[in-house]
Amino acid sequence: QVQLVESGGGLVQAGGSLRLSCQASGYTSSTYAVGWFRQAPGKEREFVAAISRSGDSTNYVDSVKGRFTISRDNAKNTVYLQMNSLKPEDTAVYSCAAVYSVGSYYVYTAGNDYYFWGQGTQVTVSS
């Protein structure tokens, strides 16, 4: 049974940092690509960042480029999202998602590409 559990969310002041973790179980981490998505109240879910199963390819939404970094440790079955220079508009529930990937370098940016989802973790950035 595949399970994804996010952690690391919380309340932070603008300009601060948080590191989110996505701990996976039930599959071999090195065969799955992972993405982070967020949803703010009253808004649609938004792609944030994605990483290939190998970790060699990444993709980011323009609004977080230069501030967020996605990485993975396949030995720990964990994907991270380091978020720096946080802004109030980053406030949202952040969820990780995983999909079996046939290609080592494939990244997936659409929510519909993903099969498995975590429950989400709240990130609140105060001004």
Side-chain angles (χ1 to χ4, degrees):
Q1 179 179 355
V2 174
Q3 189 173 13
L4 302 175
V5 179
E6 300 95 336
S7 62
L11 173 64
V12 64
Q13 290 188 333
S17 298
L18 286 173
R19 188 178 79 157
L20 305 184
S21 298
C22 174
Q23 175 73 52
S25 60
Y27 67 77
T28 302
S29 179
S30 60
T31 62
Y32 279 70
V34 174
W36 284 97
F37 293 78
R38 65 186 179 187
Q39 187 165 21
K43 294 188 177 181
E44 293 187 353
R45 183 177 62 198
E46 176 188 34
F47 165 76
V48 177
I51 190 166
S52 63
R53 70 180 199 186
S54 67
D56 290 335
S57 298
T58 59
N59 199 337
Y60 300 89
V61 67
D62 285 347
S63 61
V64 308
K65 285 181 180 177
R67 300 189 298 123
F68 291 10
T69 303
I70 189 170
S71 63
R72 66 189 301 157
D73 184 341
N74 284 340
K76 296 182 178 180
N77 276 11
T78 303
V79 172
Y80 304 98
L81 185 67
Q82 178 67 44
M83 305 186 296
N84 298 328
S85 302
L86 283 161
K87 305 175 181 179
E89 51 264 42
D90 294 318
T91 295
V93 174
Y94 285 69
S95 299
C96 63
V99 60
Y100 176 78
S101 177
V102 297
S104 297
Y105 297 96
Y106 289 4
V107 290
Y108 303 85
T109 61
N112 290 340
D113 288 333
Y114 289 90
Y115 294 154
F116 305 105
W117 290 82
Q119 83 289 349
T121 185
Q122 176 70 46
V123 171
T124 303
V125 184
S126 62
S127 57

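Heads up: numbering here begins at 1 and tracks the sequence.
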Aromatic ring pairing Tyr114/Tyr108, orientation class (parallel under 30°, perpendicular over 60°, tilted between): perpendicular

All ring pair (Phe, Tyr, Trp, His ring centres under 6.0 Å) counterparts of Tyr105, not counting sequence neighbours: none

Set of residues satisfying side chain to side chain donor-acceptor pair (under 3.5 Å) with respect to Ser104, sequence neighbours excluded: Arg53

Other residues, nucleotides, ligands: >12 heavy atoms within 6.0 Å of Tyr106 OH: no

Residues Gln13 and Ser126: side-chain donor-acceptor under 3.5 angstrom: no

Ring centres under 6.0 angstrom apart (Phe68, Trp36): no

Ring pair (Phe, Tyr, Trp, His ring centres under 6.0 Å) partners of Tyr115, counting only residues at least two apart: none

Backbone of Ser52 reached by a side-chain donor or acceptor of Arg72 within 3.5 Å: yes

Set of ring pair (Phe, Tyr, Trp, His ring centres under 6.0 Å) partners for Tyr60, sequence neighbours left out: none

Residue pair Glu6 / Leu20, side-chain heavy-atom distance below 4.5 Å: no

Anything under 3.5 Å between a donor and an acceptor, one on a side chain of residues 39-49, the other on a protein residue two or more places apart or in another chain? List them.
unit_1: Gln39; atom_1: NE2; unit_2: Lys43; atom_2: O; d: 3.0
unit_1: Glu46; atom_1: OE1; unit_2: Arg38; atom_2: NE; d: 2.7
unit_1: Glu46; atom_1: OE1; unit_2: Arg38; atom_2: NH2; d: 3.3

Close side-chain approach of Val34 to Leu4, heavy-atom, < 4.5 Å: no

Contacts of type ring pair (Phe, Tyr, Trp, His ring centres under 6.0 Å), residue Tyr80, not counting sequence neighbours: none

Distance-minimising heavy-atom pair for Thr78 and Ser21: CG2-CB, 4.2 Å

